[in-house]
Every structure is written in C-alpha cells, then in structure tokens.
Amino acid sequence: MKPRLIAIAALAAGVVLAMPHHAAAQTPVDTEKELEKYRQMMSDPMSNPGFLNVDRGEALWGTKRGTKNVSLETCDLGKGPGKLEGAYAELPRYFADTDKVMDLEQRLKHCMEAIQGLDTADVVKRRFGREGQISDMEDLVAFIANKSSGMKFNPQVTHPKEKEAYAVGEALFYRRSDFMDFSCSTCHSEDDRRIRLQGLPNLVKAKGKDVQATMGSWPTYRVSQSQLRTMQHRLWDCYRQMRTPEPVYLSEGLTALTLFLVKQAEGGELQVPSIKR
Amino acid sequence: MKKHLTLAMFALLALPAAQAQDKPKVNAATLEKYTRAMWPKTPDGWEKRITYDETQAICSQYRNELPQAEFEKVKARELATVKLPADGNVLGDWKKGRSTANNGRGGTFTDRPMENGANCYACHQMDKAELSYGTLGPSLLNYGKDRKFAPEEARATYAKIYNSMAVFPCSSMPRFGYHGFLTEAQMKDLTAFLFDPESPVNK
C-alpha cells in the first residue's frame, strides 16, 4: 500500500504545484471549485498522505524510549492515562500536575520528559518535518487527533487558568504589532475576503462555519509543503507572514491563542488529518 | 499565487460590545508576560523594528474602532510622523512601482535580507490585467484618473502609503514609511503607479 500512497501523493503534489499557472487564467470562483474537487478527491484516507503520519505516530506512541525505557502509553492527555479517544477535542486544557494550560504538543513534551525521561531537545529541533527529517510531534499529533476525528470540539474554559488563557488568546487575536501593524483580526474578521486569490476564514464569528471548518481540519497534510502540519505550525506561519520575529515553539501565548480559537469553533466537528493546499 | 501577506483595509469590524461582555478579561501586564515569552529577544538586525507602540496598543484595545477623541489624537500623532520627499516630488517610476506592488517578499523571519515588496495586490485590485488580487482593501482601479491626476491628491496618496493612520487611525494598512518597511524611492514609484496616466491602473 505504501508505494501506491506515495505515488498518489506525488501525483497530487504535481497537480497543486501546477495550479498557480492555471489559476491566473481562471476566475477565483473556478479556482475555488477546482480546489474543492481536488479536496474531495484527496479526502479519502487511502489517498491522504497524512495517514502515514497517523501510522508512524501510533508506532511511536507505543515505542519504549528515554532513560526509563517506557512508552508514552501512560501519558494523561486530559481524559485519563492512555485514554486517547476525544482527548484532542478537549485540548488545550488545564493540567493539575503541571499547574498549566497545555496544548497537545506541550503535553506530549511533558510526558516524554516526565514519563520516559527523554531529552526532548532533539524532538523540539525536529518539530517541523521536512525532506529528510521526520517530526515526532507531527506524527504523534496526527495519530492522537485522529482519535477525535468525527467528534465535536468540547473546549475547556472553566478553571481560572483556562479562563486566563482564553482571555489572553482573544487579546492576542486583536493585538496589532511589529512593523506591519498586523493582528490575526486583520485577515480573519470578515466573511468572504481573499488575500490574493486565497480565501480567508472569518474566525471572529463564534460557532461560525468558517471557524468550525478551519479548526476542525487541523492537523492537516499540506500538499504545498509535502508535510503534515499542526496548529503550532499554522500559527508559526501566520506570525511569519505578519512579519513578527519567530514565536517560540510551545510558548504559552500560542496555546492561549489556540484555546481561544477552539472555543470560537465550539460545536464544530473534527475531520483529521485533513488535506489542504 | 504563493503565500502573500495582507495589506490594507479601512475600518475592521470589532465585536459588538454586548458580545464582548461576560467574558474573561485580561490586563495589559498579563498579556505582556505572555508576549515576552513568545518573543523573548529581538533577533539580530531587528533592533530598529518597532514591535509595539502607543498607536498599536490603542487600536488593539478598541479593536480598531476608536472613540472620536482618541481618533483625533492618534491622527494628529501619526500625521506628525509623515515625511514627504525633500524636493516635493512624490512621483517616481510607475514601472518600478508596478513590480513593487506585485512583490510580496521580504521582512519575514525566514527571508534573507532583501528589498521588501509592498504586496499591494494581497489586498487591492490595481492593474486589471492582474487577476490575482485580494479583497481586504478597496479596489484601486483608475485611482489616479478618478482623482483627475491632481498633484495634491498624489501628495496625499504618498502620505497615505507613508502612514495610513495619519489619514485613518487604525487602518488595516501598514504604515510603510513610518516603519521604514519601504524606502522613499519605492513609495514614490508606487504613487506613480497609481497616478501616472500611462500606468495600467488608469487604463
């Protein structure tokens, strides 16, 4: 199955890479229709390369590593040790053992260190996969998020620290900064807007279809990058395009922003890993 | 059509006040604690970049919808920063302006040092032959023609590119000159792209 999958992926990558040339000669509506057709074609799990990450993540979850030579299978992601079903749909959340609100990647790093005794410097170094570099985090997130696929977001905003993170996330969403004066809201506060030809989701309308569809489709396989990407990467790339300095991976601000966005998407359904441009 | 960055739009809609009530609130000190942890140090070579100023703070606080008194205060403050070219000529080379308007590169933490593009098409329609344009800002088709190519309108346009908030506080458009993101020559070229009768913007 693997060679077939890879062949399909390569073919698909070719299709998308070729797209900009056609896009210039088409109206935006045609382009959007073509992309939608393409997305449908690729939403079949058998042809979405993101499921390779799911498989690798599953294997890694059960692999003994670190100074303690144990697997991650006793890691508590919020639903109890080793319970994965529905865990991602409730993250980020507050964890009493660390007294922190954590997203999935922060929690996995904690479990690697606390349970496995793993030096995570290398894991963090490989946080974003590229050719010749596999990311443990991207694989694990793909596997664990997939265990919430088909479920609805159940955002956790009850503990005082969750409330603080939510409020910080909302403030960050509107915070204009740096030498382009941008905030998240610059691009994501109205319906039916485009940047160049790319449609922009309205993330301001709570429980709106845009924010639900957006948040419900991460992690995703990015065809343009030939990699599975998580929300950490999405926010990293948003800030990159906003011309800020590089935000620190797993910093609490990114988790706060994620919690705000998950709360905005409340009631939306996860279908992950998805596939996107 | 790669990843292009957003530029202008006037008057973003903020959340209705009623919707913003009954929600957890955060004070400035807490927010700063988080942002410092997100960006703990200024990268080499970025020392001159303004990361957060008074105007950004107040636009963030009011989600770009300022009360009238604040609106006037910000406008006056921003207006004071505008520097027109010393010789008074705001019109450069429209052909160079055309390429600067279409260039979306430069200034990100993954870019090597290079001339920054203005990326106008991320948000605005300009030359009607260019179909890959965004809709965050108004269309600029026939911009100069609609203003009868008037010199004072061209100067006002240069000033708007230099500092959009001197014209409309909390505009979504970056303050290109104020931040030093674009050079004087680039801003003159862009003004010419909008105002030259031969420019495709006016054809």
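Because only heavy atoms are used, hydrogens play no part in the values below, and waters and symmetry mates are left out as well, while side chains stay in. In what follows, chains carry the letters A, B, and so on, assigned in the order in which the sequence lines appear, proteins first and then strands, with residues in each chain numbered from 1. Because the structure is predicted, anything quoted here is derived from the model rather than measured.
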Inset, instruction - Kindly assign one of parallel, tilted or perpendicular to the pair Y143(B) and F195(B), based on the angle between their ring planes and the thresholds 30° and 60°. - result: perpendicular

Inset, instruction - Evaluate the ring planes of F193(B) and W94(B), with Trp represented by its six-membered ring, and classify them as parallel (under 30°), tilted (30 to 60°) or perpendicular (over 60°). - result: parallel

Legend entry - Toward chain A, the part of E130(B) with a non-hydrogen atom under 4.5 Å: side chain

Inset, instruction - Report the option among R175(A), E252(A), E164(A) that has the most heavy-atom pairs separated by less than 4.5 Å from atoms of chain B. - result: R175(A)

Legend entry - Partner chain B: residue of L172(A), T244(A), L254(A) with the largest heavy-atom pair count (under 4.5 Å): T244(A)

Inset, instruction - May I ask you to check if R36(B) and Y34(B) form a cation-pi contact, with NZ or CZ under 6.0 angstrom from the six-membered ring centre and within 45° of the axis? - result: no

Inset, instruction - Just give me the residue among D111(B), T30(B), T35(B) that pairs up with chain A most often, heavy atom to heavy atom, under 4.5 Å. - result: T35(B)

Inset, instruction - Find the one option among A171(A), A167(A), P245(A) whose heavy-atom pairs under 4.5 Å with chain B are most numerous. - result: P245(A)

Legend entry - Ring center gap for F109(B) and Y239(A) short of 6.0 angstrom: no

Legend entry - Leading residue by heavy atom contact count with chain A [cutoff under 4.5 Å; candidates K41(B), Q125(B), K33(B), Q56(B)]: Q56(B)

Inset, instruction - Spell out, as yes or no, whether a donor-acceptor pair under 3.5 Å connects the side chain of R193(A) to the backbone of L200(A). - result: no

